[in-house]
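What you see is a predicted model; the values in this text were computed from it and never measured. Counting convention: from 1, in listed order, for ligands and their atoms alike.
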Amino acid sequence: MSLNGKTAVVTGSNSGIGLGVARSLAGAGANIVLNSFTDRDEDHALAKQLAEEFGVGVRYIQADMSKGDQCRALIEKAGQVDILVNNAGIQHVAPIDEFPVDKWDAIIAINMSSAFHTTAAALPGMRKSGWGRIINVASAHGLRASPYKSAYVTAKHGVVGMTKTVALETAKDPITCNAICPGYVLTPLVEAQIPDTAKEYKMSEDEVVEKVILAKQPSKQFVTVEQIGDMAIFLCSPAADQLTGQPIAMDGGWTAA
Ligand code: NAD
């Protein structure tokens with residue numbers, strides 16, 4: 001599968017799943033726009049490193065996905081956007097009656113509304129060029145709830161709803177819109193929680209992974225960023241031309257139950 005000549009914008013891609021998907025798409029030949037809200041030397045160095053490793057064009061564009069105007073500016077600065085991966089996301093865990101309002105607002109803005117702004121800004125260009133792929137990184141929490149994650153679950157269910165709506169609005173165009181819904185992925189964010197949780201529960205780190213973190217994931221294995229990247233490539237392939245509006249669960253069986 002060659003994505004030579006296509007440009008992919010991946011929001012929130014200086015770490016974790018976003019970086020993994022960006023690497024996969026670069027490996028398939030796409031030019032990449034990396035993004036996060038920071039503007040550090042290491043962000044630009046990462047772009048340079050990917051460009052050298054994969055022999056594609058890679059730019060880093062700073063934009064804060066909690067701000068609608070910056071989401072739209074990212075798409076404008078990117079220029080041609082053939083593949084849009086809405087991935088930026090944060091988490092906060094608290095009971096709803098104690099949930100900090102600023103965290104609620106940030107999660108709804110970054111995890112959900114950013115995809116509205118980037119999609120709205122990218123669609124006219126995709127229609128003009130005659131091809132487009134919108135891939136929303138939702139979550140198993142776009143299909144199932146867990147306690148204490150009200151903002152995250154709300155935002156991710158919202159993204160799944162937006163995915164279906166955009167698919168219907170683009171059904172007659174050569175554009176598809178799908179949501180990848182991963183279960184737990186061993187990103188630095190999740191990895192960092194293991195030692196503390198082990199101390200808290202007085203368990204070994206292996207037990208924490210199996211009994212706490214992967215409690216809901218029947219396979220008892222993490223999803224990998226490479227698997228998510230391969231799914232993104234598949235969604236860009238001709239085999240997926242008629243695959244649109246779908247939440248695609250990659251969760252070791254979590255949402256089968
Ligand atoms: P991560 O923290 O490694 O990556 C999040 C990315 O979003 C980072 O690049 C970060 O810089 C960026 N980001 C955060 N706030 C931003 C902002 N205001 N503007 C721009 N970028 C911002 O976490 P991850 O696990 O790779 O998560 C990526 C996506 O995958 C999220 O949407 C998350 O909800 C989703 N997801 C993760 C898991 C998991 O188990 N790790 C499971 C399902 C879904």
Side-chain angles (χ1 to χ4, degrees), residues 9-24 32-40 42-43 46-47 50 60-75 77-78 85-93 102-103 105-115 117-118 135-146 149 151-160 162-163 179-194 209 212-217 219 221-229 231-232 247-252 254-255:
V9 173
V10 186
T11 71
S13 49
N14 63 356
S15 141
I17 295 172
L19 179 56
V21 170
R23 288 180 59 82
S24 294
I32 303 294
V33 173
L34 295 174
N35 153 264
S36 185
F37 60 95
T38 50
D39 194 15
R40 307 165 301 180
E42 62 202 83
D43 296 322
L46 183 62
L50 247 65
Y60 178 84
I61 301 179
Q62 184 268 337
D64 183 345
M65 292 298 102
S66 70
K67 310 264 189 312
D69 55 348
Q70 293 195 29
C71 296
R72 288 170 190 261
L74 168 68
I75 300 303
K77 285 182 193 160
V85 182
N86 289 307
N87 167 78
I90 58 167
Q91 174 64 290
H92 186 81
V93 179
D102 61 333
K103 294 282 185 208
D105 289 344
I107 290 174
I108 297 298
I110 297 167
N111 297 20
M112 187 182 78
S113 301
S114 67
H117 292 293
T118 54
I135 300 170
N136 296 323
V137 179
S139 167
H141 280 117
L143 303 165
R144 296 287 186 277
S146 290
K149 295 184 177 175
Y152 189 86
V153 169
T154 301
K156 294 298 186 181
H157 274 68
V159 167
V160 170
M162 197 190 317
T163 301
I180 299 178
C181 296
Y184 281 100
V185 187
L186 193 55
T187 60
L189 198 85
V190 174
E191 223 164 344
Q193 297 167 22
I194 296 173
V209 167
V212 182
I213 297 184
L214 295 180
K216 290 188 173 173
Q217 206 148 298
S219 67
Q221 289 177 49
F222 285 105
V223 183
T224 68
V225 296
E226 290 79 12
Q227 288 162 350
I228 297 174
M231 178 57 75
I248 300 165
M250 297 179 71
D251 60 8
W254 176 347
T255 56

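Taking CG from N111 and OG1 from T154, the interatomic distance works out to 10.5 Å, rounded to the nearest 0.5 Å. The CG atom of N86 sits 10.0 Å away from atom CD1 of I135, with the distance rounded to the nearest 0.5 Å. Atom CD of E226 and atom CZ of R23 lie 8.0 Å apart (nearest 0.5 Å).
A salt bridge is absent between D69 and R72; no separation between the charged side-chain nitrogens and carboxylate oxygens falls under 4.0 Å.
Between S15 and ligand 1, at least one N/O pair is under 3.5 Å apart. Considering both main-chain and side-chain atoms, G12 comes within under 3.5 Å of ligand 1 through a nitrogen or oxygen pair. Taking only nitrogen or oxygen atoms, main chain and side chain alike, V190 does not reach within less than 3.5 Å of ligand 1. Taking any N or O of N111, backbone or side chain, none lies under 3.5 Å from an N or O belonging to ligand 1. Considering backbone and side-chain atoms together, I17 places an N or O closer than 3.5 Å to an N or O of ligand 1. Polar contact with ligand 1: present for Y152 (N/O pair, distance under 3.5 Å).
A donor-acceptor pair is defined here as one N or O able to donate and one able to accept, closer than 3.5 Å; no such pair exists between the side chain of Q70 and the backbone of K67. A distance-only check finds no donor-acceptor pair linking the side chain of Y60 to the backbone of E42 [under 3.5 Å]. N87 places no side-chain N or O within donor-acceptor distance of the main-chain N or O of I17, the cut-off being under 3.5 Å. The closest donor-acceptor contact from the side chain of N136 to the backbone of A138 lies at 3.5 Å or more, if one exists at all. When atom types are taken as modelled, the side chain of D43 and the backbone of R40 share a donor-acceptor pair closer than 3.5 angstrom.
Residue-ligand proximity, A138 to ligand 1, at heavy-atom distances under 4.0 Å covers atoms 35 (C), 44 (C). Atoms of ligand 1 lying under 4.0 Å from any heavy atom of S13, numbered from 1 in the order shown and given with element: 9 (O). Every atom of ligand 1 is numbered from 1 in the order shown, and the set under 4.0 Å from a heavy atom of Y184 is 40 (O). The distance from ligand 1 to the heavy atoms of I90 drops below 4.0 Å at these ligand atoms: 14 (C), 15 (N). The contact set between ligand 1 and G183, taken as ligand atoms under 4.0 Å from a residue heavy atom, comprises 40 (O), 42 (C), 43 (C). Set against the non-hydrogen atoms of S36, the atoms of ligand 1 under 4.0 Å away are 10 (C), 11 (O), 12 (C), 20 (C), 21 (N), 22 (C). For ligand 1, the atoms sitting less than 4.0 Å from at least one non-hydrogen atom of N87 are 28 (C), 29 (C), 30 (O), 31 (C), 32 (O), numbered in the order shown with element in parentheses. For ligand 1, the atoms lying closer than 4.0 Å to a non-hydrogen atom of G16 are 3 (O), 26 (O).
Using a 4.5 Å heavy-atom threshold, the side chains of V223 and Y184 count as separate. Between I213 and I194, the closest side-chain pair of non-hydrogen atoms falls below 4.5 Å. The shortest side-chain heavy-atom distance between F37 and M65 does not fall under the 4.5 Å cut-off.
Residue contacts with ligand 1 for A140 are absent, since no atom lies close enough (heavy atoms, distance under 4.0 Å). Within the 4.0 Å heavy-atom criterion, the part of A63 lying near ligand 1 is the backbone and not the side chain. Within the 4.0 Å heavy-atom criterion, neither part of H141 lies near ligand 1. The part of I110 lying near ligand 1 is the side chain, judged by heavy-atom distances below 4.0 Å. Contacts between T187 and ligand 1, counted as non-hydrogen atom pairs separated by less than 4.0 Å, involve the side chain only. At a 4.0 Å heavy-atom cut-off, ligand 1 does not touch C181 at all.
Among protein heavy atoms, the minimum distance from atom 22 (C) of ligand 1 is reached at F37 CD2, 3.6 Å. The shortest contact between atom 40 (O) of ligand 1 and any protein heavy atom is with V185 N, 2.8 Å. Nearest non-hydrogen protein atom to atom 19 (N) of ligand 1 is M65 N, 2.8 Å. The protein atom (non-hydrogen) at minimum distance from atom 5 (C) of ligand 1 is G89 O, 3.7 Å. If you check which protein heavy atom lies closest to atom 43 (C) of ligand 1, you get P182 O, 3.3 Å. Of the protein's non-hydrogen atoms, the one nearest atom 18 (N) of ligand 1 is D64 OD1, 2.8 Å. Among protein heavy atoms, atom 2 (O) of ligand 1 sits closest to L189 CD1, 3.6 Å.
For K216, the NZ atom is densely surrounded, since the number of other residues' heavy atoms within 6.0 Å is greater than 12.
Closest approach of I107 and Q91 over heavy atoms only: CD1-C, 4.0 Å.
Using a 30° and 60° split on the angle between ring planes, H141 and Y152 fall in the perpendicular class, above 60°.
No side-chain donor-acceptor contact under 3.5 Å links S13 and N35.
Of the listed options N86, I213, N14, N14 places a heavy atom closest to atom 9 (O) of ligand 1.
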